[in-house]
Amino acid sequence: MKDRLDLRITLMMRFQISDQTAEQLSQKWLATHPGRTWSDLRSLILQDQVTYWNGELIDTSATLNSFQEPSTEIKYRGRAYPLSGGDFPQPPLPPKYVRRYRGKAY
């Protein structure tokens, strides 16, 4: 019972949610992770391995692994160029600025 209370207090203080919401979230998370206990969930929250996002508790380690790898190419004006080489088109150099006063170039 103490572990359950500690978990609810941790959820309420860390994520600013109500007592009832904390209870529902923890029961839902424990139902999807049957091998875990109340104290396991509390320690995972304190270690930032479980967080509250979009109305539910999610595993941050599983979220980090679900991101896509960065692309090895970049698109420029509709064409794909590899990031490894120097095939990028060179921008045109600006024309040299010529200062003129009364028709005389400086």
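A quick note: this is a predicted structure, and the numbers were derived from the prediction, not measured. In this chain, residues are counted from 1 in sequence order.
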Treat each ILVMFWY residue as a node, draw an edge where side-chain heavy atoms are under 4.5 Å apart, and state whether L44 and M12 are in one component. no
How far does CG of D59 sit from CD of Q49, to the nearest 0.5 angstrom? 8.5 Å
Residue list, salt bridge (charged side-chain N to carboxylate O under 4.0 Å, His left out) with R42, at least two apart or on another chain: none
Rounded to the nearest 0.5 Å, what's the gap from CZ on R36 to OG on S26? Could you check? 15.0 Å
Residue that, paired with L57, satisfies side-chain contact (heavy atoms from CB on, under 4.5 Å) out of L11, L30, T51: L11
How many angstroms lie between CG in L46 and OG in S39, if you round to the nearest 0.5 Å? 11.0 Å
Any side-chain donor paired with an acceptor under 3.5 Å for T37 and D40? yes
Check for me, please, whether L41 and M13 land in the same ILVMFWY cluster - side-chain distances under 4.5 Å, paths through other members count. no
Sorted by first residue and then second, give each ring pair (Phe, Tyr, Trp, His ring centres under 6.0 Å) pair with at least one member in residues 11-36; sequence neighbours left out. F15-Y52, W29-H33
Taking only residues at least two apart or on different chains, which pairs with a member in residues 44-54 satisfy salt bridge (charged side-chain N to carboxylate O under 4.0 Å, His left out)? R14-D48
Hits for salt bridge (charged side-chain N to carboxylate O under 4.0 Å, His left out) against D3, two or more places apart or cross-chain, chain-then-number order -> none
Can you tell me how far CD1 of I45 sits from CG of L25, rounded to the nearest 0.5 angstrom? 9.0 Å
Residue set satisfying salt bridge (charged side-chain N to carboxylate O under 4.0 Å, His left out) with D6, at least two apart, ordered chain then number -> K2
If you apply the rule side-chain contact (heavy atoms from CB on, under 4.5 Å), what do you find for R8 with Q20, and how did you get there? CA-CA 9 Å; R8 285 175 28 199; Q20 182 180 10; over 6 Å; no
Just do the side-chain contact (heavy atoms from CB on, under 4.5 Å) check on T60 and V50 with the steps written out, would you? CA-CA 6 Å; T60 56; V50 173; over 6 Å; no
Which residues pass the salt bridge (charged side-chain N to carboxylate O under 4.0 Å, His left out) test with E56, sequence neighbours left out? none
